[in-house]
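Report on the following structure.
Along the sequence shown, residues are numbered consecutively beginning with 1. Small disclaimer: the values here were computed from a predicted structure and weren't measured.
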Amino acid sequence: MKRDVLKVVLALVMVMSMASYAATVAYWDFEDGVAGQSFTPAGQPNGSGGSADVVAGEMMYGWNEQYGPSWSDYTPNGSALSSRNNGQDGYTAGSPLNSWSPSVWTIETSVFMYETNGWKTIIGRDGSSQAEPESDFYLSSNGIDNKFRVNIDTVGGTRWILDGDVVARPNRWYGLAVTSDGQALTMYIDMGDGSGYTSVGSLDMSAQTIAENALGQNGSNWTFGRGWYNGSFVDHINGYLDDVRFSDVALGAEDLIGVQIPEPATMALLGFGALVMLRKRK
């Protein structure tokens with residue numbers, strides 16, 4: 001009987017872990033560095049160092065000590081590591097993610113900013129597939145009323161802009177996620193008050209087809225901690241990022257990192273804990 005219970009527990013842990021990864025395109029948790037160390041430290045070739053995606057091994061690079069992020073031990077839950085972006089940015093280069101153009105997707109992260117007035121781009125994308133001054137993608141706090149904003153261009157040529165019903169405040173962590181099911185753009189925010197993620201805005205995109213609402217892309221880099229506008233690198237943040245994840249499904253609030261489903265390493269520990277408890281009861 002005890003062995004049967006153990007098998008069920010371990011099977012559930014494995015299913016949860018597989019389900020979490022099945023939809024994941026890229027995921028940086030920043031646990032592969034040393035607090036205080038730059039992504040590309042002094043003496044190393046520019047853009048040679050960074051944090052590896054825990055799923056596919058894709059890199060988020062930092063250019064050098066001056067322009068690239070560093071690892072930090074300041075995190076939402078007070079443990080492990082994050083990315084310190086003091087007016088610096090991480091970026092992808094030559095990555096399969098640069099050609100990512102899904103119709104259905106989720107992009108999420110945790111963010112802390114010391115300053116939220118003006119335009120601050122948390123996750124961006126270099127260049128425009130429509131030859132416009134604006135980038136194909138911005139997840140930011142806007143420079144109008146400092147609300148969190150997602151601004152995307154699509155393969156169908158329509159640009160969609162959604163402002164969530166939350167004003168970004170300085171000196172606090174937020175869980176921030178945006179999803180698209182091809183017909184609606186939805187923003188979720190975790191205020192860090194224990195209530196988890198809630199929807200703070202949705203935008204109807206049904207004027208275009210699901211295929212037309214695929215993310216526009218021109219093969220350029222994704223950026224983390226800054227944006228792109230009219231050929232220039234702009235709107236850098238001063239703060240921290242953690243748990244940057246891209247998924248090829250429109251996740252619900254309950255599926256976002258740090259809410260109800262632990263990170264894979266935590267799930268493994270839960271499985272181990274269940275094993276220990278069963279053995280103690282023998």
Minimum heavy-atom separation for [X] to [Y], with atom names?
X	Y	answer
Pro69	Gly90	CG-N, 3.5 Å
Arg125	Asn98	NH2-O, 3.1 Å
Leu251	Arg245	CD1-NH2, 3.5 Å
Val155	Ser101	CG1-OG, 3.7 Å
Ala80	Glu31	CB-OE1, 2.9 Å
His236	Lys120	O-CD, 3.7 Å

Does the separation of the ring centres of Tyr240 and Phe112 fall below 6.0 angstrom?
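For Tyr240 and Phe112, the ring centres are under 6.0 Å apart.
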Are the aromatic ring centres of Trp100 and Phe246 under 6.0 angstrom apart?
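Yes.
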Could you state the interatomic distance from [atom1] ([X]) to [atom2] ([Y]), rounded to the nearest 0.5 Å?
X	Y	atom1	atom2	result
Ile189	Ser195	CD1	OG	11.5 Å
Leu215	Ser180	CG	OG	7.0 Å
Ser72	Gln37	OG	CD	13.0 Å
Asp145	Asn117	CG	CG	11.0 Å
Ser51	Asp29	OG	CG	7.0 Å
Ser232	Arg226	OG	CZ	10.0 Å

Should Arg149 and Asp163 count as an ion pair when the cut-off is N to O under 4.0 Å?
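Yes, Arg149 and Asp163 are salt-bridged.
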Does the pair Asp193/Arg172 count as a salt bridge with the N-to-O cut at 4.0 Å?
no
Looking at side-chain heavy atoms only, is the closest gap between [X] and [Y] below 4.5 Å?
X	Y	value
Thr106	Val178	no
Thr75	Phe30	no
Ser206	Asp204	yes
Trp71	Val34	no
Glu115	Asn238	no
Ile123	Thr109	yes
Ile107	Trp222	yes
Ile152	Asp136	no

Would you say the side-chain atoms of [X] pair up with the backbone N or O of [Y], donor to acceptor, closer than 3.5 Å?
X	Y	value
Asn151	Phe137	no
Asn146	Val167	no
Thr121	Gly124	no
Gln183	Gln208	yes
Tyr174	Arg169	yes
Asn221	Thr92	yes
Glu108	Ile257	yes
Thr24	Ala26	no
Glu132	Glu134	no
Glu212	Ile210	no

Indicate if [X] and [Y] have the same hydrophobic cluster label, given that clusters are the connected sets of ILVMFWY residues with side-chain heavy-atom separations under 4.5 angstrom.
X	Y	answer
Phe148	Leu185	yes
Val104	Val25	no
Trp105	Leu97	yes
Trp173	Leu256	no
Tyr27	Tyr91	no

Step by step, would you call Arg159 with Asp153 a salt bridge (Lys or Arg N to Asp or Glu O under 4.0 Å)?
CA-CA 4 Å; Arg159 180 174 293 275; Asp153 212 348; 3.4 Å; yes
Which pairs of donor and acceptor atoms, one on a side chain in residues 41-48, lie under 3.5 Å apart (sequence neighbours left out)?
from  : atom 1 : to    : atom 2 : distance (Å)
Ser48 : OG     : Pro45 : O      : 2.6

Tabulate below the donor-acceptor pairs under 3.5 Å that side-chain atoms of residues 59-67 make, not counting sequence neighbours, or state none.
from  : atom 1 : to    : atom 2 : distance (Å)
Asn64 : OD1    : Gln66 : N      : 3.0
Asn64 : OD1    : Tyr67 : N      : 2.8

Test side chain to side chain contact (heavy atoms under 4.5 Å, CB included) on Ile161 and Val150; report intermediate values, then the result.
CA-CA 6 Å; Ile161 299 175; Val150 60; over 6 Å; no
Under the rule for salt bridge (Lys or Arg N to Asp or Glu O under 4.0 Å), what residues qualify as partners of Asp53, not counting sequence neighbours?
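Asp53: no salt bridge (Lys or Arg N to Asp or Glu O under 4.0 Å) contacts found.
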Under a single-linkage rule joining Ile, Leu, Val, Met, Phe, Trp and Tyr whose side-chain heavy atoms are separated by less than 4.5 Å, which residues share a cluster with [X]?
X	answer
Phe233	Trp228
Trp119	Ile144
Tyr138	Tyr229, Val234

For Asp89 and Phe224, what are the C-alpha separation, side-chain angles and deciding distance, and is it a side chain to side chain contact (heavy atoms under 4.5 Å, CB included)?
CA-CA 5 Å; Asp89 63 274; Phe224 308 92; over 6 Å; no
From CA spacing to verdict: side chain to side chain contact (heavy atoms under 4.5 Å, CB included), Ser83, Phe39:
CA-CA 9 Å; Ser83 172; Phe39 278 18; 3.9 Å; yes
Residues Met191, Val166; criterion side chain to side chain contact (heavy atoms under 4.5 Å, CB included); working and verdict
CA-CA 9 Å; Met191 302 291 289; Val166 171; 4.1 Å; yes
side-chain hydrogen bond (donor to acceptor under 3.5 Å, both in side chains), that's the test. Do Ser110 and Asp243 meet it? Break it down for me.
CA-CA 6 Å; Ser110 294; Asp243 289 320; 5.0 Å; no
Evaluate salt bridge (Lys or Arg N to Asp or Glu O under 4.0 Å) for Arg84 paired with Asp242, printing each intermediate quantity in order.
CA-CA 9 Å; Arg84 174 72 172 99; Asp242 202 1; over 6 Å; no
